[in-house]
Amino acid sequence: MDTEKLYDVNADKWARREPSSLSDFTGRPPVFELCGDVAGQTVLDLGAGEGYCSRELARRGAARVIGVELSGEMVASARRQDEADGYGLDFRQGDATQPVSVDDQSMDLVVAVFLYNYLTVDQMRRSFAEVHRVLRPGGRFVFSVPHPALGFIRTTHAPPFYFDVRGRGYFSGVDERFPGEIARRDGTLLPVQMVHKTFADYFDGLREAGFRALPDIKELGVTAEHLALDPEFFGPVADIPLHLGVRIVRT
Ligand SMILES: C[S@@+](CC[C@H](N)C(=O)[O-])C[C@H]1O[C@@H](n2cnc3c(N)ncnc32)[C@H](O)[C@@H]1O
């Protein structure tokens with residue numbers, strides 16, 4: 001199923017007002033930490049989904065948030081929730097592999113939370129170049145992806161999170177689209193996909209886009225707090241690298 005349809009048909013399952021899926025606990029809070037102080041800032045949220053991260057950044061004081069999202073149903077859900085909240089967020093249906101209609105060097109922060117696992121290496125590079133264009137000097141780029149090794153380490157195809165790499169290898173599988181699922185704590189399964197990239201693909205891509213600073217990298221997984229909260233849910237993926245969080249400053 002193509003990405004737009006995947007999210008159009010599952011938009012209702014993604015809509016949430018509080019942490020719901022595994023990555024809402026293991027992936028997104030560390031990403032918000034990587035964003036740092038956003039008070040008064042202008043933010044671009046690529047692959048904004050139903051607006052969960054945009055809303056959180058607004059709640060933390062961002063002055064303006066523009067969300068770009070491929071799926072019309074996800075955009076509609078984001079707009080509905082924002083009407084209830086009254087943050088006045090700017091959700092636009094669009095493709096993050098194409099030029100974004102914002103001015104050069106106009107953003108303090110660009111976030112892309114679990115977007116690049118839907119893009120090929122070439123598409124990701126185009127997006128990185130666009131991110132570099134729109135960030136002001138000193139602005140930050142923060143993104144998260146499933147950990148590149150996850151599907152090759154966790155070969156059990158069971159909740160709460162897996163990708164089925166179909167017997168392909170870490171290097172030979174680059175740019176292949178692998179299906180997976182991530183669970184909500186209420187047991188609902190959300191279908192997800194990973195267009196596989198190696199660690200080096202991400203960091204070569206950043207350099208080619210013009211980023212020069214050393215990135216901050218977090219290899220994210222289940223913590224002791226997660227296990228204390230819900231051992232049955234988090235236990236099966238304890239001690240496995242689940243996500244990669246990256247922050248890099250545009251010099
Ligand atoms: C796993 S969801 C994450 C959504 C949101 N960032 C969050 O953290 O809740 C990935 C989102 O990326 C969107 N997406 C995938 N490819 C895209 C593209 N080329 N342009 C814009 N959005 C895209 C999907 O439609 C989906 O809503």
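Since this is a predicted model, take the numbers as computed values, not measurements. Order of appearance sets the numbers: ligands from 1, and atoms from 1 within every ligand.
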task: Examine Phe152 together with His196 and report whether their ring centres are nearer than 6.0 Å.
output: yes
N or O contacts of ligand 1 with protein under 3.5 Å, please list pair by pair.
| from | atom 1 | to | atom 2 | distance (Å) |
| --- | --- | --- | --- | --- |
| ligand 1 | 6 (N) | Gly47 | O | 2.7 |
| ligand 1 | 6 (N) | Val113 | O | 2.9 |
| ligand 1 | 8 (O) | Arg28 | NE | 2.7 |
| ligand 1 | 8 (O) | Arg28 | NH2 | 3.1 |
| ligand 1 | 9 (O) | Arg16 | NH2 | 3.1 |
| ligand 1 | 19 (N) | Asp95 | OD1 | 2.8 |
| ligand 1 | 20 (N) | Ala96 | N | 2.7 |
| ligand 1 | 22 (N) | Leu70 | N | 3.2 |
| ligand 1 | 25 (O) | Glu69 | OE2 | 2.6 |
| ligand 1 | 27 (O) | Glu69 | OE1 | 2.8 |
| ligand 1 | 27 (O) | Glu69 | OE2 | 3.0 |

query: Between Arg17 and Asp85, is there a salt bridge with N-O shorter than 4.0 Å?
result: yes
Mind listing the side-chain donor-acceptor pairs of residues 159-166 below 3.5 Å, one per line with the distance, residues two or more places apart or on another chain?
| from | atom 1 | to | atom 2 | distance (Å) |
| --- | --- | --- | --- | --- |
| Tyr162 | OH | Glu181 | OE1 | 2.9 |
| Asp164 | OD1 | Arg166 | N | 3.0 |

query: Any salt bridge between Glu83 and Arg80, counting N to O under 4.0 Å?
result: no
task: Indicate, with yes or no, if the rings of Phe143 and Phe114 have centres closer together than 6.0 Å.
output: no
message: Let's go through Phe211 and Phe128 carefully: what are the C-alpha distance in whole Å and the side-chain angles of both, what is the deciding distance for ring-ring contact (aromatic ring centres under 6.0 Å, His included) to 0.1 Å, and is it a yes or a no?
response: CA-CA 9 Å; Phe211 288 95; Phe128 280 2; 7.1 Å; no
